[in-house]
Participant: 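Mind looking over this structure? Questions follow.
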Amino acid sequence: MPQTHSTNPATTADRLGIEFQTVFGLPPVEFVHLAADLGCRYIGLALTGTPDNPHHYPPYSLREDPALRHRTRTALTRNDISVSLGEGFVIRAGRDIRDSATDLDIFAELGCTRLATTSMDTDHQRTVDQIGQLTDMAATRDMRVVVEFAPSLTIPDLPAALSIITAVARPDCRLLIDTLHFIRAGHHPADLAALDPTLIAYLQLSDHTLHQQAATYREDTLNRLPPSDGELPLSAILDTTPTDTVIGLEIPMLTRARNGETIHDTTRYCLTAARTLLEHGALRQPGDPGARCDRRSSAQDSRTGKD
């Protein structure tokens, strides 16, 4: 049976987080304040900024700056915000994940609850072994691991991710579903509905066209759309997601940023769209195909010249 939304819209809104890639290298203390200003309980975090930095934020390193870690931890505590996802644990050929132990310590210090991983290593067994090592290291620090897949990775789709998780065979290693990657990998909401729902530990929400628009897949991933501004079956995906799953908004919009749109305005709009989508899902009856929240027309009316 597919999992459905809670019937309490306030509860669904409390599930929302803002992902690291959405804010394009915004330094962590400012990131926490942004989330607090927008009424968001969770953030996804990396230890350094991104190569794509259209707002020209100063570089930072939580790895090398203990004072910044202290300020970040203080800001998180004061604003009652949690780090729902730690980024930066990609499995690569020639690198041993055990060398990342210090990074795990830093995320544990910041109160992070999950670490995201995926693989660029073509050796399947080595990927399994490395993710198993990461899961064990995370567990000793009270964190879990979630495995992400995307067509551009060596874990390209849902069956490949499930194969990894099955081989790792640890209860603290589960799935991360990114709605764009999920659909672009050729999957349908029914594929999620067929899973044991406890396998789904994290959801990254964005909208887009069904088919690639840019010359490269990466370009598409850096220019996503707010929920219901695109073509992805988001309501149907959400209907398969356990109601206690954190939903991180991974909606980088690089072209808009380069055109001068502030990260506050971009993120506020995305959160409003996500809350509307979730609240409509909470109010409709499960399985009602006519109750899908579609904000495309109003969104196009409210935005001019920035697409």
Side-chain angles (χ1 to χ4, degrees), residues 13 15-63 65 68-69 71-76 78-90 103 106-107 110-116 146 148 150 176 178-181 202-208 218-227 229 246-275 303 306:
R15 299 164 64 193
L16 292 173
I18 305 168
E19 295 298 321
F20 162 73
Q21 289 194 33
T22 300
V23 299
F24 287 120
L26 181 67
V29 174
E30 290 85 346
F31 189 5
V32 174
H33 291 157
L34 172 69
D37 289 345
L38 296 175
C40 203
R41 290 184 56 198
Y42 302 103
I43 61 171
L45 204 59
L47 299 184
T48 59
T50 63
D52 301 293
N53 184 6
H55 300 292
H56 308 292
Y57 298 124
Y60 71 86
S61 175
L62 286 163
R63 185 180 293 116
D65 189 340
L68 178 60
R69 292 202 297 272
R71 294 196 303 274
T72 301
R73 188 171 65 250
T74 299
L76 289 163
R78 286 179 177 172
N79 290 282
D80 193 24
I81 290 173
S82 300
V83 179
S84 55
L85 194 68
E87 299 270 12
F89 297 94
V90 178
D103 289 357
I106 293 169
F107 276 116
L110 295 172
C112 181
T113 53
R114 298 171 200 82
L115 303 176
V146 287
E148 181 174 12
L176 183 158
D178 179 303
T179 55
L180 173 62
H181 300 328
Y202 203 85
L203 184 75
Q204 289 182 328
L205 183 68
S206 68
D207 213 337
H208 215 303
R218 176 166 171 76
E219 288 180 73
D220 258 16
T221 65
L222 290 173
N223 280 292
R224 305 192 189 201
L225 294 173
D229 279 11
V246 174
I247 300 171
L249 303 187
E250 182 152 294
I251 314 176
M253 293 191 280
L254 185 58
T255 299
R256 290 189 188 282
R258 287 173 173 167
N259 287 341
E261 185 166 294
T262 70
I263 202 65
H264 190 283
D265 286 347
T266 298
T267 310
R268 179 179 59 192
Y269 183 83
C270 292
L271 276 166
T272 300
R275 286 169 175 146
R303 287 181 170 257
K306 291 191 177 181

Participant: According to ring pair (Phe, Tyr, Trp, His ring centres under 6.0 Å), does anything in residues 28-54 pair up with another residue at least two apart or in another chain? List the pairs.
Facilitator: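 Listed once each, the pairs would be none.
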Participant: Could you tell me which residues satisfy ring pair (Phe, Tyr, Trp, His ring centres under 6.0 Å) with Tyr202, sequence neighbours excluded, listed by chain and number?
Facilitator: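 Per chain and number, Tyr202 pairs via ring pair (Phe, Tyr, Trp, His ring centres under 6.0 Å) with no residue.
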Participant: As an exercise, state the distance from OG1 of Thr266 to CZ of Arg268, rounded to the nearest 0.5 Å.
Facilitator: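 Nearest 0.5 Å value for the OG1-CZ distance: 9.5 Å.
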Participant: So Ile18 and Leu271, do their side chains get closer than 4.5 Å, heavy atoms only?
Facilitator: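 Leu271 vs Ile18: side chains touch.
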Participant: Would you please name every residue forming a side-chain hydrogen bond (donor to acceptor under 3.5 Å, both in side chains) with Arg73, sequence neighbours left out?
Facilitator: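 Per chain and number, Arg73 pairs via side-chain hydrogen bond (donor to acceptor under 3.5 Å, both in side chains) with His70, Glu109.
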Participant: Between Gly17 and Cys40, what is the shortest heavy-atom contact and its length?
Facilitator: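 Heavy-atom minimum between the residues: CA-SG, 3.6 Å.
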Participant: Listing request: all side-chain hydrogen bond (donor to acceptor under 3.5 Å, both in side chains) pairs with a residue in residues 48-60, at least two apart in sequence or in separate chains.
Facilitator: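 Checked against side-chain hydrogen bond (donor to acceptor under 3.5 Å, both in side chains) - neighbours excluded - the pairs reaching residues 48-60 are Asp52-Arg218.
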Participant: Applying side-chain hydrogen bond (donor to acceptor under 3.5 Å, both in side chains), name anything that partners Glu219, two or more places apart in sequence or on another chain.
Facilitator: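 For Glu219 the side-chain hydrogen bond (donor to acceptor under 3.5 Å, both in side chains) partners, ignoring immediate neighbours, are Thr216.
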Participant: How long is the span from the CG atom in Leu45 to the CZ atom in Phe107, to the nearest 0.5 Å?
Facilitator: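 If we round to the nearest 0.5 Å, Leu45:CG and Phe107:CZ are 5.5 Å apart.
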Participant: Quick one: list whatever passes side chain to side chain contact (heavy atoms under 4.5 Å, CB included) with Asp220, sequence neighbours left out.
Facilitator: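 If we apply the side chain to side chain contact (heavy atoms under 4.5 Å, CB included) test to Asp220, skipping adjacent residues, the hits are Arg184, His208, Gln212, Gln213, Ala214.
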Participant: Using 0.5 Å steps for rounding, measure from the CG atom of Asp103 to the CG atom of Leu47.
Facilitator: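 One gets 5.0 Å once the value is rounded to the nearest 0.5 Å.
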Participant: Do the non-hydrogen side-chain atoms of Leu176 and Leu85 ever get within less than 4.5 Å of each other?
Facilitator: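 Heavy-atom side-chain distance check passes, below 4.5 Å.
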Participant: Output the distance between atom SG (Cys270) and atom CG (Leu16), rounded to the nearest 0.5 Å.
Facilitator: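 Separation between the atoms: 11.0 Å.
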Participant: Do you know which two heavy atoms are closest between Ile81 and Ala36, and how far apart they sit?
Facilitator: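 That closest heavy-atom pairing would be CD1-N, 3.5 Å.
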Participant: What heavy-atom pair brings Ser206 and Thr179 nearest, and what distance separates the two atoms?
Facilitator: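 That would be O-OG1, 2.8 Å.
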Participant: What pair of heavy atoms forms the shortest contact from Phe24 to Pro252, and how long is it?
Facilitator: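 Heavy atoms of Phe24 and Pro252 come nearest at CZ-CB, 3.5 Å.
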Participant: Looking at side-chain heavy atoms only, is the closest gap between Val32 and Ile43 below 4.5 Å?
Facilitator: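 Heavy-atom side-chain distance check passes, below 4.5 Å.
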Participant: Would you say the side chain of Thr221 lies within less than 4.5 Å of the side chain of Gln21, judging by non-hydrogen atoms?
Facilitator: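 With C-beta onward as the side chain, the pair stays apart.
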Participant: Taking only residues two or more places apart in sequence, or in another chain, which ones meet Arg224 in a salt bridge (charged side-chain N to carboxylate O under 4.0 Å, His left out)?
Facilitator: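 Salt bridge (charged side-chain N to carboxylate O under 4.0 Å, His left out) check on Arg224 returns Asp178, Glu250.
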Participant: Taking only residues two or more places apart in sequence or in another chain, which ones pass side-chain hydrogen bond (donor to acceptor under 3.5 Å, both in side chains) with Thr72?
Facilitator: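 Checked Thr72 against side-chain hydrogen bond (donor to acceptor under 3.5 Å, both in side chains); zero matches.
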Participant: Given side-chain contact (heavy atoms from CB on, under 4.5 Å), test Leu249 with Thr267 step by step and report yes or no.
Facilitator: CA-CA 9 Å; Leu249 303 187; Thr267 310; 5.8 Å; no
Participant: Which residues pass the salt bridge (charged side-chain N to carboxylate O under 4.0 Å, His left out) test with Glu19, sequence neighbours left out?
Facilitator: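 For Glu19 there are no salt bridge (charged side-chain N to carboxylate O under 4.0 Å, His left out) partners, ignoring immediate neighbours.
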Participant: Could you go step by step and tell me if Leu68 and Val29 meet the side-chain contact (heavy atoms from CB on, under 4.5 Å) rule?
Facilitator: CA-CA 8 Å; Leu68 178 60; Val29 174; 4.1 Å; yes
Participant: Compare every heavy atom of Ala273 with every heavy atom of Pro226, then report the nearest pair and how far apart it is.
Facilitator: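 Heavy-atom minimum between the residues: CB-CB, 4.2 Å.
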Participant: So which atom in Ala116 and which in Phe89 form the shortest heavy-atom distance, rounded to 0.1 Å?
Facilitator: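 Taking Ala116 first and Phe89 second, the nearest heavy atoms are O-CB, 3.5 Å.
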Participant: Quick one: list whatever passes salt bridge (charged side-chain N to carboxylate O under 4.0 Å, His left out) with Arg71, sequence neighbours left out.
Facilitator: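 In terms of salt bridge (charged side-chain N to carboxylate O under 4.0 Å, His left out), with neighbours along the sequence ignored, Arg71 is linked to no residue.
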Participant: Within this structure, what is the CG-CD1 distance for the pair Asn223 and Ile251, rounded to the nearest 0.5 Å?
Facilitator: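 So the gap between those two atoms works out to 12.5 Å.
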Participant: Is the shortest side-chain heavy-atom distance between Leu110 and Leu62 below 4.5 Å?
Facilitator: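 Yes, side chains in contact.
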Participant: Using the test salt bridge (charged side-chain N to carboxylate O under 4.0 Å, His left out), find all partners of Arg78 that sit at least two apart in sequence or belong to another chain.
Facilitator: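 For Arg78, no residue satisfies salt bridge (charged side-chain N to carboxylate O under 4.0 Å, His left out) once neighbours in sequence are set aside.
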Participant: Using a 3.5 Å distance criterion without hydrogens, assess whether the side chain of Arg41 forms a donor-acceptor pair with backbone atoms of Arg15.
Facilitator: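 Side chain of Arg41 to backbone of Arg15: no pair is present.
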Participant: Applying side-chain hydrogen bond (donor to acceptor under 3.5 Å, both in side chains), name anything that partners Arg258, two or more places apart in sequence or on another chain.
Facilitator: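 By the side-chain hydrogen bond (donor to acceptor under 3.5 Å, both in side chains) rule, Arg258 matches no residue at all.
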Participant: Side chains of Ser84 and Arg114, heavy atoms from C-beta outward: is any pair under 4.5 Å?
Facilitator: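 Yes, their side chains come closer than 4.5 Å.
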Participant: Can you tell me how far CE of Met253 sits from CG of Leu222, rounded to the nearest 0.5 angstrom?
Facilitator: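 Answer for the CG-CE pair, Leu222 versus Met253, is 12.0 Å.
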